[in-house]
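Note that the numbering runs from 1 along the sequence shown for the chain.
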Amino acid sequence: MMTRSIKKAGLMVAFMALATMNAGAQTYLNPNAPLEERVKDALSRMTTHEKIKLLHAQSKFTSAGVPRLGIRQLNMDDGPHGVREELEWNTWNPARWTNDYIVAFPSLTCLASTWNRGLSLAYGDAVSEEFAFRGKDIMLGPGVNIQRTPLNGRAFEYMGEDPYLAGEMVVPYIQAAQRNGVACCLKHFVLNDQETDRFAVNVNVSERAMHEIYLEPFRRVVEKAHVWTIMGSYNLWNGVHCCHNDALLNGILKKGWNWDGALVSDWGGTTNTWEAVHGGLDIEMGTYTDGKTKESNFGYDQYYLGNPFEQLIEEGKVPMSVLDEKASRVLRTIFRTAMNPNKVIGSQCSEAHYDVCRQVGEEGIVLLKNEKNILPLDASKYQKILVVGENATRSLTQGGGSSELKTLRDVSPLEAFQGLYGDKIDYAQGYYSGRTIYDQVDRIDPEKQAALKAEALQKAKSADLIIFVGGLNKNHGQDCENGDRESYNLSFGQNELIAELAKIQKNTIVVIFGGNPYAMPWLNQVKALTHCWYLGSEAGTALANVLSGKVCPSGKLPVTFAQKYEDYPYVKFGAEAYPGVNKQVYYKEDIFVGYRHFTTNNVKPLFPFGYGLSYTTFAYGKPTVTQENGNMVVSVQVTNTGKVAGKEIAQIYVNAPKTGLPRAARELKGFAKTRTLRPNESETLRITIPKEDLRYYDETAHDWALTKGTYTLHVGASVNDIRGHATITLD
């Protein structure tokens with residue numbers, strides 16, 4: 001699948017030489033010394049001012065080291081899906097280097113759709129190698145915020161609506177990246193579930209929902225992956241900004257979860273010196289900016305954790321122990337990354353990385369409809385194939401805010417189709433959406449839009465097959481940082497265009513890119529539908545491989561697609577529940593987010609959580625459950641009963657014993673993906689469910705609790721496609 005990077009042998013030699021020269025005197029320079037001894041020794045040698053300098057930015061994407069002691073700075077960069085292009089030292093302007101082109105990996109919603117922990121490991125390994133090669137120490141990502149609303153402009157960066165799936169799928173990614181000496185900066189902690197009013201909105205959420213839904217993926221990552229850095233979110237919780245919220249950062253994260261990493265502010269997320277000092281913030285970035293565009297007239301030493309903090313120390317208003325605790329966390333990060341002798345050299349734009357990109361895309365694509373098995377595409381049946389849609393040619397690696405990427409090569413869907421089917425392919429753009437813009441929307445010329453539509457409809461009359469490639473993009477108001485979507489519908493007249501194309505040619509296949517669910521008023525008119533998320537540099541190759549049958553689709557939805565926007569649980573509570581009123585938003589649906597609402601309240605979705613079709617079929621044997629070492633182990637045999645090789649994802653949903661407390665009808669508590677099974681081949685999956693994963697949060701005790709009684713375990717191909725049941729009684 002990939003090649004392993006060469007280790008930094010030269011760096012090891014240099015570190016060992018330093019350690020030899022200073023044997024017994026400078027423990028912090030000895031890479032073989034225990035980490036905590038290195039931290040303690042370095043801290044003892046630093047002045048107050050040097051400690052302060054560690055705690056805030058010195059440029060747009062670096063924080064200071066201690067040059068006098070040979071302690072290196074931290075180099076950070078955006079990019080859960082790839083390394084962002086180099087910017088100038090102190091502006092948001094591109095540096096215009098010619099050696100910072102990279103691989104754009106698929107979006108994290110796509111990774112979540114693979115339900116493949118092994119691919120997550122490969123993804124984290126490959127993307128961190130590119131960060132290491134660019135000299136970066138901290139990758140600002142991945143993100144595990146919950147997709148509470150399908151309008152969230154940043155949901156494509158996250159991993160769906162379920163905290164268990166998000167937490168499980170992101171752990172291998174982080175483990176692989178940090179094994180390479182690159183820190184992941186898990187974001188955005190916490191409740192950054194909308195972009196509307198993201199800098200100022202105060203989130204009101206029950207204690208139970210906070211722990212069971214919104215904190216849970218972060219907790220899993222802290223405990224299972226031991227993530228080295230975490231980024232605070234812009235929004236407020238209980239009236240305090242999350243970047244320096246004492247109850248959240250010190251109370252829950254550092255003390256409650258015993259986390260030893262460094263808390264990094266989001267850019268422009270720090271607002272107050274006293275709260276920054278006492279609220280758990282360790283590295284302050286981007287202050288006096290709007291997080292993306294506005295420039296500051298202030299120097300970096302004037303940051304809240306700069307001169308103002310140092311003055312408080314000198315005046316005795318804050319004890320040195322507070323400063324030492326923060327500086328220790330930053331030093332720990334430096335020794336884990338910038339001064340880690342085992343940090344890989346890495347590589348950039350290697351074929352191994354493109355292979356990982358393509359494989360994640362192939363397994364993340366979700367086949368949602370396939371009437372009369374029109375897919376996989378048998379090109380011999382068609383003389384003329386018309387490809388319609390802007391996303392067939394548009395670069396979807398650009399835009400979106402901080403996730404924008406500068407790629408060496410991108411394979412578009414149209415390019416890949418032409419490579420497969422040659423002269424059979426014709427193309428019509430059909431619509432246009434304007435330029436890639438971060439914080440404003442282009443005006444669309446209705447005459448130009450009408451002309452593009454007319455051209456597509458005219459060409460459709462002579463086509464034997466239509467492949468429509470559209471959906472969302474990374475413009476403001478679509479899938480983009482700093483703004484949410486304006487509608488549940490597809491924009492730019494796409495719904496009408498798809499319907500009219502399908503009237504002309506019944507053999508219409510729809511391919512949609514995007515990070516969110518959307519309305520499909522045309523669904524009954526088209527033969528097939530695939531959802532692609534954002535597939536990165538190998539988008540066209542991955543898509544063509546799935547549509548042609550070279551790859552059997554195996555992706556399944558990490559979110560619920562509702563029939564109509566009003567079916568989402570928060571909508572009935574009005575503007576208070578989203579996007580908020582007077583900078584206050586109330587999560588009135590409580591724990592019933594996504595499929596928890598749809599299954600518990602018998603609301604029929606358009607496509608349920610965990611759903612995805614294949615070119616083959618699978619049969620499930622009768623599941624069994626045993627207790628082993630205090631955990632439950634579910635065993636189920638999955639057999640390929642179709643005619644082509646493929647993979648299946650078995651999902652386990654738990655129904656808890658009835659108590660006086662509301663519980664969701666089904667909660668995802670386990671899953672496993674088979675290897676590629678040939679026709680008539682079987683695999684027995686063993687899925688372990690720790691007993692603690694069955695707990696609920698007791699608001700009276702302010703702690704987790706486990707209900708005694710009989711639990712029903714539903715084993716299925718989606719939350720609504722249950723293939724078998726097993727029960728177990730817990731004392």
Side-chain angles (χ1 to χ4, degrees), residues 78-81 84 92 107-109 140-141 143 145-158 161 187-188 191-203 231 233-236 241-243 266-269 286 289-294 390-391 394-405 431-444 470-494 512-519 533-534 559 565 568 570-571 575-585:
D78 283 317
H81 316 128
R84 186 178 184 173
W92 293 109
S107 64
L108 292 185
T109 46
L140 302 175
N145 293 94
I146 297 298
Q147 192 178 86
R148 176 179 178 252
T149 168
L151 303 185
N152 183 357
R154 214 166 180 182
F156 71 95
E157 293 188 38
Y158 306 140
E161 68 187 28
K187 62 185 188 182
H188 301 90
L191 301 170
N192 188 176
D193 308 314
Q194 64 186 62
E195 291 298 285
T196 302
D197 291 330
R198 64 175 178 161
F199 293 102
V201 69
N202 181 59
V203 180
M231 181 184 292
S233 58
Y234 286 128
N235 52 277
L236 294 81
H241 282 277
C242 288
C243 281
D266 206 339
W267 271 236
T289 78
D290 62 0
K292 173 71 177 177
T293 56
K294 191 178 77 174
E390 186 183 66
N391 283 353
R394 182 187 180 107
S395 172
L396 295 174
T397 62
Q398 298 177 8
S402 59
S403 66
E404 181 168 1
L405 296 171
Y431 70 94
Y432 86 106
S433 62
R435 296 164 298 161
T436 299
I437 299 178
Y438 169 70
D439 59 356
Q440 56 184 302
V441 178
D442 256 354
R443 294 185 62 182
I444 302 299
L472 306 176
N473 58 38
K474 294 182 180 177
N475 286 5
H476 183 74
Q478 298 284 303
D479 285 333
C480 184
E481 181 181 357
N482 204 33
D484 287 338
R485 295 170 63 198
E486 297 175 355
S487 169
Y488 190 53
N489 289 307
L490 297 178
S491 300
F492 318 116
Q494 291 180 80
I512 298 294
F513 287 86
N516 279 287
Y518 42 87
W533 316 106
Y534 294 109
V559 293
Y565 175 68
Y568 286 101
Y570 64 86
V571 177
E576 276 194 338
Y578 174 81
V581 176
N582 297 325
K583 309 299 182 185
Q584 299 286 332
V585 64

Worksheet item: With D442, which residues qualify under salt bridge (Lys or Arg N to Asp or Glu O under 4.0 Å), at least two apart?
Response: R435

Worksheet item: With distance as the sole criterion, is a donor-acceptor pair present between the side chains of N516 and Q147 under 3.5 Å?
Response: yes

Item to complete: Using a 4.5 Å cut-off on heavy atoms from C-beta on, say whether the side chain of F156 contacts that of K474.
Response: yes

Practice prompt. Please name the pair of heavy atoms, one in P517 and one in Y568, separated by the smallest distance, quoted to 0.1 Å.
Written response: CB-OH, 3.4 Å

Fill in: Separation of Q478 CD from L472 CG (nearest 0.5 Å)
5.0 Å

Response to the item:
d(F513 CZ, W533 CH2) to nearest 0.5 Å is 12.5 Å

Fill in: Residues forming a salt bridge (Lys or Arg N to Asp or Glu O under 4.0 Å) with D78, sequence neighbours excluded
R84

Discussion item. Holding to side chain to side chain contact (heavy atoms under 4.5 Å, CB included), I want the full list of residues that pass it with C480, two or more places apart in sequence or in another chain.
Written reply: Y438

Fill in: Pairing residues for E576 by the salt bridge (Lys or Arg N to Asp or Glu O under 4.0 Å) criterion, not counting sequence neighbours
K588

Item to complete: Determine the minimum heavy-atom distance between G153 and E195, stating which atoms define it.
Response: N-CG, 4.3 Å

Practice prompt. For the pair K583 and D197, find out whether any cationic side-chain nitrogen is under 4.0 Å from an anionic carboxylate oxygen.
Written response: yes

Worksheet, complete the sentence: Correct closest heavy-atom pair for Y431 and E390 would be CE2-N, 3.4 Å

Worksheet item: What residues form a side chain to side chain contact (heavy atoms under 4.5 Å, CB included) with L151, not counting sequence neighbours?
Response: T149, R485, Y565, Y578

Practice prompt. State whether a side-chain donor-acceptor pair under 3.5 Å links R198 with N482.
Written response: yes

Discussion item. We want to know whether S403 and E481 form a side-chain donor-acceptor pair, criterion being a heavy-atom distance below 3.5 angstrom.
Written reply: no

Worksheet entry | Counterpart residues, side chain to side chain contact (heavy atoms under 4.5 Å, CB included), relative to T436 (two or more places apart) | R394, N475

